[in-house]
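A quick write-up on the structure given underneath.
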Amino acid sequence: MSSTTDSFEASRTEKLRAIEALGIDPWGSRFDGHMPIGEVLRLDADLPEEQRPHVKVAGRIVLNRSAGKLQFIDLWDWTTPLRKNKETREEERGKLQVMVGQRQVGEPSWSLVKLLDLGDLLGVEGRFGRTKTGEPTIFAEKLTYLGKSLLPHPDKHSGMQDIEFRLRHRYLDLIYNPETLDRARKRIQILKTIRRHLDEKGFVEVETPVLHAIAGGAAARPFVTHHNALGIDLFLRIALELPLKRLLVGGLERVYEMGRVFRNEGISPRHNPEFTMLELYQAYGDYHSMMDLTETLIVNCVISLEHGSKLPYGDRVVDYTPPFPRRSYGELFEEHVGVAMTDVEGCRAAAGKTGFATANKHPDVIVHHLFETKVEPALAKLDQPIFVFDYPAALCPLTKRKRERPEIAERFELYVLGMELANAYTELNDPITQEQTFRQQLAGLPEEESMAKMDEDFVRALKHGMPPAGGLGIGIDRLVMLLTNTTTIRDVILFPLLRPEARPRS
RNA sequence: GAAGGCGUAGCUCAGCCGGUAGAGCAACGGACUUUUAAUCCGUAGGUCCUGGGUUCGAAUCCCAGCGCCUUCACCA
């Protein structure tokens, strides 16, 4: 805090005392029956003066102009629609104008008006119409002070540009950058759509533990914490998979969880240490049932955003009109790499050309390297989502193999513009294979990097009989990024992790 | 974790081949009963991220640290 910040705060605190001296509570209180500003602005503003509707609103003061014994105050609330800037034609934060006249409101309201600051919260009652210059306006009859802002708000025109400042003051970002609130709303809409769709399909939402004794279900470094009473370390979950599958054993035939998972890895425009996953499992289904479900799920989300079936992303437009193409991994591989994925030597040679060290590598690892370097860039050029199915088995330890081709795992990924949006399997329900796979995975790797931790209790659950099932995982943050045309994950998470702010004073 | 870029008033930004710290908005005082990024007159506001170095002199050049951004690695 600098001394100028202190002086801003001191000046506003003085006004707060002055407001108290008027007999007004500077922190406001319950204010019933106010109309959302967005609704007020939809009212007919052109009625004759005596027919003008009486309205009551509450909002944040975002602009404040005094003209002698008149004061023009612009209020904002979360329903205020965007409006077009006359010069730049860009959408900007909308607002509702309030006109306060000294004669019309009298005392103590007029004294209060003189003490208002940008950022204060104000309730207004009055008639809604137009001023002489044509601006939709509430002609104030009664003011109710609803709360003081002791700190100055950002510049009314330039707003907030500094990314760090926006992230550290997300509450201001929501007010002054309309896109931020819009994205938050779209995220909420997407989550709602997913829940409604799964509900309609007979799925139930469950809550499984966040604290795990064994961090399993994915390959990632966990966060470690400690339980004092039990005297044991616990891990924050890195996936939702294993508890949900236990529920399949328990007879919950269609379950899902949409929840936070935690991975102790790098932070980037696409990675936040905590992020939201959707995982769902359907008994007696397989990965093809998951493909159908994924398609309708995504299409419903797109439609729910009310932009038809096409959405922009950067300089691209993605067409989500179903059906999405479905291509097998091997087919795409041969098409773009030029050799069959079963041709071990051919793959080794092709990978060598890309500078990839192939020695001692599992053939499937080489294959997947080629897929990433040759096939994925081609997928990124498509203007519609594409399902890629039937993956090399070694890449997918928790996946059922194809009965007639055990080197192939029944898995698909949904790619949109090269991003992996969804990942699904026919789940492995054979406890013997599961246990072997766990052990194989554990064998060659340092413990902290092992692909899947041995979870004896999970294997025991499978031994009691898990139904054959399809399972699906979707990274919700990335889905929201894609559907809201957002390039950084921090902008689809309201409070992304930041290093704690250094405080200059002790 | 690595490399590159950035850090100046409450906010948005100039200034950067070294020579007294600048603007707009916000704030403060004043004028105005139809403004709307109101206007007009006036005033105040700075650890130029932090610490060290070079220099007669550093916001500016060098080194280190901190924070953020971008790219890469790990991963979703």
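Chain identifiers are assigned alphabetically (A, B, ...) following the order of the sequence lines, protein sequences preceding nucleic acid strands; residue numbering begins at 1 within each chain.
- For B:rC16 and B:rC61, the P atoms lie 10 Å apart once the distance is rounded to whole Å.
- Proximity of residues 64-74 of chain A to RNA chain B (heavy atom under 4.0 angstrom from any strand atom) is restricted to A:Arg65, A:Ser66, A:Ala67, A:Gly68, A:Lys69, A:Leu70, A:Phe72.
- Mapping A:Gln161 and A:Asp117 onto RNA chain B via the closest heavy atom, the residue that lands nearer the 5' end is A:Gln161.
- Within the 4.5 Å cutoff, side-chain heavy atoms of A:Leu118 are placed close to those of A:Ile61.
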Cut-off 3.5 Å, no hydrogens considered: what does the side-chain donor-acceptor table look like for residues 37-50 of chain A, sequence neighbours left out?
{"from": "A:Asp44", "atom 1": "OD1", "to": "A:Asp46", "atom 2": "N", "distance (Å)": "2.9"}
{"from": "A:Asp46", "atom 1": "OD1", "to": "A:Arg130", "atom 2": "NE", "distance (Å)": "2.6"}
{"from": "A:Asp46", "atom 1": "OD2", "to": "A:Arg130", "atom 2": "NH2", "distance (Å)": "3.3"}

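- Using a 4.0 Å heavy-atom distance criterion, A:Asp162 is classed as a sugar-phosphate-only contact.
- The aromatic ring of A:Phe275 is stacked on the base of B:rA76, with the two ring centres less than 5.5 Å apart and the planes inclined by under 30°.
- Going from the P atom of B:rA21 to that of B:rC25 covers 24 Å, rounded to whole Å.
- Side-chain atoms of A:Thr133 stay outside donor-acceptor range of the base of B:rU34, with no qualifying N/O pair under 3.5 Å.
- If you check every strand for non-hydrogen atoms under 4.0 Å, A:Asn264 touches nothing.
- Using a 4.0 Å heavy-atom criterion, one finds that A:Gly266 contacts the bases of the nucleic acid, with or without backbone contacts as well.
- Nucleotides B:rA76 and B:rC69 place their P atoms 22 Å apart, quoted to the nearest Å.
- Residue A:Arg490 places at least one side-chain N or O under 4.0 Å from the OP1 or OP2 atom of B:rC69.
- Going from the C1' atom of B:rU60 to that of B:rU20 covers 15 Å, rounded to whole Å.
- Applying the 6.0 Å contact sphere to NZ of A:Lys192 captures no more than 12 heavy atoms from other residues, nucleotides or ligands.
- B:rA44 and B:rC56 have their P atoms separated by 36 Å, with the value rounded to a whole Å.
- The gap from the C1' atom of B:rA14 to that of B:rG7 amounts to 15 Å, rounded to the nearest Å.
- Between A:His368 and A:Phe371, the two ring planes are parallel [angle under 30°; tilted spans 30° to 60°].
- For B:rG24, the base has a donor-acceptor partner in the side chain of A:Asp155 [N/O atoms by modelled type, under 3.5 angstrom].
- Within 4.0 Å of A:Phe165, counting heavy atoms only, lie sugar-phosphate atoms of the nucleic acid but no base atom.
- Between A:Arg183 and A:Arg187, every side-chain heavy-atom pair lies at or beyond the 4.5 Å cut-off.
- Comparing A:Gln102 and A:Pro273 by the nucleotide of RNA chain B whose heavy atom lies nearest to each, the residue mapping closer to the 5' end is A:Gln102.
- Between the CD atom in A:Glu9 and the CG atom in A:Leu16 there is a gap of 10.5 Å [rounded to 0.5 Å].
- For A:Lys15, a side-chain nitrogen or oxygen approaches OP1 or OP2 of B:rC28 to under 4.0 Å.
- When the P atom is used for both B:rG19 and B:rG15, the distance is 13 Å, rounded to whole Å.
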Legend entry - Worked verdict on A:Tyr391 versus A:Tyr329 for ring pair (Phe, Tyr, Trp, His ring centres under 6.0 Å): CA-CA 6 Å; A:Tyr391 275 63; A:Tyr329 187 102; 4.7 Å; yes

